[in-house]
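Since this is a predicted model, take the numbers as computed values, not measurements.
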Amino acid sequence: MRSGMSTNMATRLARFKPRVPDRWREQVDVFWTARNPREQAILGGGAVVLVLVFGYLLLWEPASVEGARLMRNLPVLRADLAEMETLAQEARGLSANRAPSLRGDALTQALQDSLVQHGLKATRLMTTGDNAVQIQLDKVPFGSVAGWLQDVRLQQRLKVTDTRISYVGATALVNMTATLQGPGTGGR
């Protein structure tokens with residue numbers, strides 16, 4: 001029984017054995033038998049070294065180089081992931097706190113109220129086009145401007161499409177001109 005199983009296994013494995021033409025096999029046998037044992041040892045050792053070199057060049061080196069590159073890029077990828085998670089959380093918060101989009105005079109009044117809450121006063125505030133507002137602030141603290149823009153983005157759902165901020169010369173005082181754009185006509 002056991003010899004029948006081993007014969008069966010041998011025939012199965014024979015299918016996977018590479019088929020070398022008889023002519024080539026005969027040429028290799030003639031070449032190999034024509035060499036003395038010392039030459040056979042040198043050729044065999046050279047073949048082993050050649051296999052090791054190709055194994056290193058084709059398998060080991062590319063894997064180690066790629067592994068090192070991945071390890072160098074891992075901190076950047078983790079930072080990107082953290083940023084994406086923060087942005088996703090912010091997007092969920094924005095979609096949950098949808099304020100109705102204001103237009104025209106109501107938007108202008110809401111922006112003026114928001115400026116007063118942040119201790120700012122607009123030099124110029126005018127609506128332009130479809131749900132867009134141009135605003136100019138002169139000699140205001142930069143921190144207040146940044147906080148106000150963040151507040152407007154969250155509460156009024158306005159985004160800054162164009163801005164120019166210039167340093168006035170006093171400590172942290174700036175002049176700012178910005179265009180804020182609200183959701184489009186179908187963006188409610």
Side-chain angles (χ1 to χ4, degrees), residues 16 50-188:
F16 298 113
L50 206 59
V51 166
L52 290 175
V53 167
F54 278 125
Y56 175 79
L57 291 175
L58 296 175
L59 301 173
W60 185 265
E61 184 186 26
S64 68
V65 167
E66 187 65 18
R69 185 187 67 80
L70 289 173
M71 292 304 286
R72 282 191 311 269
N73 290 344
L74 191 58
V76 173
L77 294 173
R78 284 186 177 150
D80 289 347
L81 175 63
E83 182 180 1
M84 284 186 247
E85 287 174 344
T86 302
L87 291 173
Q89 182 179 4
E90 185 177 321
R92 284 190 295 271
L94 286 175
S95 65
N97 298 333
R98 289 204 114 145
S101 62
L102 301 174
R103 299 186 181 280
D105 292 336
L107 178 59
T108 304
Q109 186 59 44
L111 288 175
Q112 286 176 347
D113 292 344
S114 177
L115 284 167
V116 169
Q117 288 175 356
H118 286 273
L120 301 170
K121 184 173 191 247
T123 308
R124 183 175 56 119
L125 178 64
M126 62 184 233
T127 58
T128 61
D130 186 38
N131 207 19
V133 177
Q134 282 189 343
I135 187 164
Q136 181 177 343
L137 302 172
D138 291 331
K139 295 182 182 171
V140 293
F142 178 75
S144 296
V145 170
W148 176 76
L149 286 172
Q150 177 73 8
D151 191 39
V152 165
R153 185 180 64 83
L154 292 174
Q155 290 182 2
Q156 304 301 326
R157 294 179 32 218
L158 297 175
K159 66 179 178 179
V160 178
T161 57
D162 181 37
T163 186
R164 287 186 192 90
I165 298 176
S166 58
Y167 177 66
V168 175
T171 305
L173 292 182
V174 295
N175 291 339
M176 183 200 74
T177 304
T179 303
L180 306 173
Q181 179 71 44
T185 55
R188 283 197 124 186

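- Nearest heavy atoms, L137 versus K121: CD2-O, 3.5 Å.
- When each of L125, T128, L180 is tested with Q134 by the rule side chain to side chain contact (heavy atoms under 4.5 Å, CB included), just one qualifies, namely T128.
- Scanning all heavy atoms of the two residues, the minimum distance from Y167 to V174 falls at CA-CG1, 4.3 Å.
- Taking 4.5 Å as the limit, every side-chain heavy atom of T177 sits out of range of all side-chain heavy atoms of D162.
- To the nearest 0.5 Å, atoms CE (M84) and CD (Q89) are separated by 15.0 Å.
- No side-chain heavy atom of F54 sits less than 4.5 Å from a side-chain heavy atom of L59.
- Here the CD-CZ distance, from Q150 to R153, works out to 4.0 Å after rounding to the nearest 0.5 Å.
- In this structure, the side chains of L111 and W148 come closer than 4.5 Å at one or more pairs of heavy atoms.
- Remark: R69 pairs with E66 by the salt bridge (Lys or Arg N to Asp or Glu O under 4.0 Å) rule, at least two apart or across chains.
- Rounding to the nearest 0.5 Å places CZ of R92 at 10.5 Å from CG of L87.
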Practice item. Check the pair D113, Q109 against side-chain hydrogen bond (donor to acceptor under 3.5 Å, both in side chains), reporting the backbone distance first and the verdict last. Key: CA-CA 6 Å; D113 292 344; Q109 186 59 44; 2.9 Å; yes

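- A salt bridge does not link E83 to R78: none of the charged nitrogens lies less than 4.0 Å from a carboxylate oxygen.
- One distance of note links CG of L149 with CG of L158; it measures 10.0 Å at 0.5 Å rounding.
- In this structure, CD on E90 lies 8.5 Å from OG1 on T86, to the nearest 0.5 angstrom.
- Listed by chain and residue number, nothing satisfies the salt bridge (Lys or Arg N to Asp or Glu O under 4.0 Å) test with D151 (two or more places apart in sequence, or in another chain).
- Applying the side-chain contact (heavy atoms from CB on, under 4.5 Å) rule to L52 yields the partners V48; only residues at least two apart in sequence or on another chain are considered.
- When atom types are taken as modelled, the side chain of N175 and the backbone of K139 share a donor-acceptor pair closer than 3.5 angstrom.
- Taking the side chain as every heavy atom from C-beta outward, M176 and T163 approach each other to under 4.5 Å.
- The side-chain heavy atoms of T108 and T127, taken from C-beta on, include a pair separated by under 4.5 Å.
- Judged by distance alone, the side chain of S114 and the main-chain N or O of A110 form no donor-acceptor pair under 3.5 Å.
- Of the possible donor and acceptor atoms, one in the side chain of T161 sits under 3.5 Å from a partner among the backbone N and O of T179.
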